[in-house]
Amino acid sequence: MSKRSRKGGEENPLSDIEQLAADLPSANGEVYAKIAMTGGSSFRGHLVLKRLAELPHVREIHVFDIKAPLVHAPKVIFHRVDLTRDGADDLVASLLIKNEIKCLVHGALFSGPGRNSSLRREIETIGTFHILNALAEAKVERCVVLGDTFVYGAHSQNPNFISENHSLRALGPDFVRARVDVEKQLIEFAKDYTDCEVCVLRFAPILGPNSTNVRARYFLVGIIPKVLGYDPLLQFIHEDDAAVAAQLAIFSKARGAFNIVGKGVLPLSTGIHLSGRFPVPVATPICKTVFSLGFMLRVWDLPSAMVPFFQYLCVADGNRAEKVLGFRPHYSSRQALKALIEAARLRSVGFSIPSSALGEEQPLKPNEGFVRVN
Amino acid sequence: MSKLKSQTTNDSQTGSQKNLKEHEDLVSLSSNVFKVRRTLLDQFSRIERDMEKRSKMNREQFASREELNSVMEKLSAFRGELDSVLLKIEERIQHSAESFRIPTMEAAEISPAGGEGSLDEIVTGLNPFNLRRKYHEFSLSMRSEEVDAFGFDPIFDRFVRPVFEFLYTKYWRVETYGISNIPKSGPCLMVGNHSGSLPYDATMLKMAVLKEHTAHREVRFMVEDFLFHFPFLGSMMNRFGGVRASQENAQQLLQAQMPVVVFPEGVKGLGKLYRDKYHLARFGRGGFIRLCLRTGAPLIPVAFIGPEEIHPMMARETFFAGMLGIPYVPITPTFPWLGPAGLIPLPSKWFIHILPPIDLSEYGPEAEKDRVLVYRLAQRVKNQIQEVIVEQLKNRRSIWFG
């Protein structure tokens with residue numbers, strides 16, 4: 001699958017600047033000493049924050065969030081900001097101007113549907129609106145958004161590999177529609193304020209030893225619901241790869257949208273068999289009812305809005321990120337899932353495996369990989 | 001056990017409390033380490049067995065042999081390291097035990113015995129109550145853990161191949177002509193006439209290329225939307241080489257240097273009535289010509305004789321079909337009347353004629369914008385297939401015996 005096609009579409013202006021970006025090597029981006037970040041306490045934000053805090057040339061990281069991040073480093077400066085409040089844009093802008101920050105990572109986006117959907121919608125759409133206002137006011141040069149591939153939605157008409165040019169349709173479940181709204185705001189902003197380089201990363205579901213998002217919990221609960229007779233292909237990305245991709249994107253000059261996905265795909269049923277949990281197939285007509293019943297009774301964390309994702313394909317094409325950002329995933333989708341499952345198994349024995357123990361950059365010695373919990 | 005031991009040591013030896021405590025700590029640590037070692041070794045031996053099996057059968061198409069070897073090496077290195085650490089701990093336990101003058105019973109008990117592990121394995125293997133584990137193991141044995149980018153699963157394909165082999169050689173007695181027209185490498189687009197309610201014709205062409213072509217190539221076929229999203233059927237077809245029919249998918253497959261089968265007639269061809277048999281329906285809007293022009297792949301027309309008779313469709317029922325969300329329910333002499341047994345296809349005699357490839361690269365990729373040319377080329381391909389079918393039907397004496 002070395003060569004994959006890309007539709008030459010003109011619908012999405014975020015990816016129009018591909019040619020321009022392709023000429024610039026990713027290493028030529030400006031090295032920002034001060035970086036601002038929203039959503040630093042989320043899992044994905046935590047990954048990126050940890051990565052940035054390790055870099056020697058980054059001197060200050062300002063985190064805007066309602067909850068303090070878990071990364072304890074002198075570089076990390078926490079500002080308590082509620083992005084849904086009126087006046088959040090002024091507050092963020094004043095902080096950006098005061099600290100002379102030229103790069104912002106917008107990570108205050110959810111990795112899937114949750115229990116509180118109105119809060120999620122509010123934070124995603126209104127939060128992005130406030131952040132974009134602040135960007136415009138503070139004349140920030142670079143904005144990297146940590147999005148998800150589920151914006152494409154799981155439709156029966158999806159091609160096997162969705163490219164970045166694929167038109168976003170505000171159809172289907174609420175969490176997809178809210179995210180499409182966010183992306184439309186970003187497209188508009190990128191059109192109006194050309195001085196700001198807007199870069200949207202669309203991550204496949206992030207799995208790994210430490211991940212706790214909806215997809216990770218799906219494979220770890222005792223009973224796994226699935227749709228009877230449907231076995232779509234799934235795609236994941238390992239958490240280490242996700243952090244590497246975010247770092248590459250922050251310190252590059254690339255604009256537009258990028259799919260950040262792991263190597264390869266695997267069928268849903270294979271994932272369930274690997275996890276060793278008990279699958280419960282549900283027939284299509286009663287699917288929504290059963291899914292929302294289990295959600296209501298807290299058997300699982302999947303609302304009925306997730307049903308199409310267990311029926312149809314939502315697999316993205318990661319070729320553009322490889323070409324422009326130079327990002328090459330180190331783990332395959334199956335390895336990401338296996339890392340999650342193996343870590344859960346080890347944790348049940350009383351041990352925990354750090355995410356880099358499978359090792360790519362600084363391989364640990366085998367006996368260093370296991371760290372005692374409790 | 002350790003408590004009892006400590007009592008005996010207290011009786012026998014009135015040594016310093018500090019040493020005793022250290023010993024106890026050591027014993028508990030070692031038991032913990034052995035517990036973890038056991039789980040890890042279980043995992044490793046499973047992985048190793050799996051890898052050995054794979055490299056022996058050479059089934060793994062996604063990892064090279066060097067990768068497998070490197071993983072095996074790493075595993076064995078880790079195992080050696082673990083063993084050396086454990087040996088050290090064991091020595092220390094023995095040492096401390098000797099200093100307390102107690103028999104090294106515990107150390108002997110803990111020391112890894114090869115027989116114990118295999119016995120354990122036999123016991124878990126015979127246990128009829130861990131059904132869940134057996135179910136997962138059985139299901140995983142029928143599939144590869146990772147499929148290729150379009151959902152093709154080589155192990156599952158091998159699993160279902162005998163069925164199609166039976167259909168190919170015994171049931172429909174397929175005769176294939178002109179198999180050498182398919183190139184040994186590189187992409188090609190095979191265009192055929194569609195019929196028979198389910199894409200049996202595509203699977204038979206796949207079997208023909210797999211069995212009779214010198215390169216034994218894997219063919220991908222395009223499946224109509226309503227069949228691809230049909231429960232069970234769609235995902236099963238996806239595992240042995242079916243891909244949802246769309247321009248993007250076909251283009252990606254051709255650019256990945258694969259032979260692709262398309263049926264431009266689509267649902268109209270599948271749902272052909274018996275009285276219209278062998279009359280080709282409209283050939284779409286010439287999308288397959290545009291694909292060939294864009295990718296430069298050669299176009300190979302294919303004529304199928306025989307699949308039109310496997311499900312002689314008298315009428316199409318659309319009222320109940322609409323409720324089920326499918327385009328039509330076929331009414332054949334057997335289907336609704338005999339129940340599921342009516343879905344068994346009839347044993348007609350098949351011929352597959354693969355015609356010489358048409359090279360469209362002389363027009364260049366710009367020509368795909370030329371609507372007139374595209375339509376004319378599509379008509380030409382359709383007429384060519386139709387002519388071959390008419391000629392072959394003249395020579396055919398019987399539906400069942402050719």
Side-chain angles (χ1 to χ4, degrees), chain A residues 1-7 156-163 166 227-233 235 263-279 281 283-284 311-313 315 317 332-335 337-338 342 345-346 348-351 359 363 365-367 369-370 372, chain B residues 32 35-36 38-40 43 62-63 74-75 77-82 84-85 132-133 135-140 142-151 153 156 225-226 228-236 238-239 243-244 246-258 294-295 325:
Chain A
M1 271 336 87
S2 59
K3 284 180 231 161
R4 240 177 253 142
S5 71
R6 200 166 295 120
K7 204 168 56 160
S156 57
Q157 302 296 315
N158 278 353
N160 267 46
F161 288 95
I162 306 173
S163 74
H166 198 267
V227 184
L228 184 70
Y230 286 87
D231 193 8
L233 302 173
Q235 186 184 38
K263 278 186 281 190
V265 289
L266 80 163
L268 173 68
S269 60
T270 307
I272 292 172
H273 290 311
L274 286 176
S275 77
R277 309 297 155 127
F278 198 78
T284 328
Q311 277 181 304
Y312 304 121
L313 280 174
V315 173
D317 179 2
S332 69
S333 300
R334 185 194 55 164
Q335 280 172 324
L337 179 61
K338 274 200 151 181
E342 299 287 312
R345 251 177 224 165
L346 278 176
S348 68
V349 189
F351 281 74
K365 279 178 195 162
N367 57 356
F370 299 92
R372 190 73 206 256
Chain B
N32 265 335
K35 223 186 278 166
V36 174
R38 185 64 161 284
T39 54
L40 285 176
Q43 299 261 353
F62 313 108
K74 270 181 206 159
L75 281 177
F78 188 11
R79 183 176 263 201
E81 206 151 326
L82 206 63
S84 68
V85 170
R132 193 181 60 175
R133 191 176 154 186
Y135 159 66
H136 288 306
E137 275 175 3
F138 174 70
S139 305
L140 278 176
M142 288 197 307
R143 62 182 79 203
S144 5
E145 289 196 0
E146 203 165 34
V147 297
D148 96 330
F150 289 90
D153 184 338
F156 181 74
D225 262 17
F226 86 94
F228 194 78
H229 295 306
F230 203 79
F232 297 107
L233 205 65
S235 55
M236 222 173 72
N238 191 220
R239 293 297 162 273
V243 180
R244 195 185 76 82
S246 81
Q247 284 270 332
E248 291 108 327
N249 285 349
Q251 193 180 336
Q252 286 174 358
L253 283 167
L254 287 175
Q255 280 168 344
Q257 312 292 315
M258 275 182 218
R294 209 179 302 150
T295 57

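Chain identifiers are assigned alphabetically (A, B, ...) following the order of the sequence lines, protein sequences preceding nucleic acid strands; residue numbering begins at 1 within each chain. Quick caveat: nothing in here was measured; it's all calculated off a predicted structure.
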Please determine, among A:G264, A:S156, A:P279, A:G271, the option with the most heavy-atom pairs under 4.5 Å with chain B. A:S156
Under 4.5 Å from a heavy atom of chain A, the part of B:D153 involved: neither
Go through the atoms of A:S275 and report whether side chain, backbone, both or neither lie under 4.5 Å from a heavy atom of chain B. neither
Quick check: do A:T284 and A:L228 have side-chain heavy atoms less than 4.5 Å from each other? no
Could you work out, with salt bridge (Lys or Arg N to Asp or Glu O under 4.0 Å) as the rule, every residue matching A:K338, not counting sequence neighbours? B:E145
Top of B:T295, B:N238, B:N249, B:D225 for chain A proximity - count of heavy-atom pairs under 4.5 angstrom: B:N249
To the nearest 0.5 Å, how far apart are CG in A:D231 and CZ in B:R239? 4.5 Å
Please name all residues satisfying ring pair (Phe, Tyr, Trp, His ring centres under 6.0 Å) with A:Y312, sequence neighbours left out, ordered by chain then number. B:H229
Quick one: OG on A:S163 to CD on B:E248, what's the gap to the nearest 0.5 Å? 8.0 Å
By a 4.5 Å heavy-atom criterion (distance strictly below it), what part of A:R345 contacts chain B: side chain, backbone, both, or neither? side chain
A:Q157 versus chain B, heavy atoms under 4.5 Å apart: side chain, backbone, both or neither? both
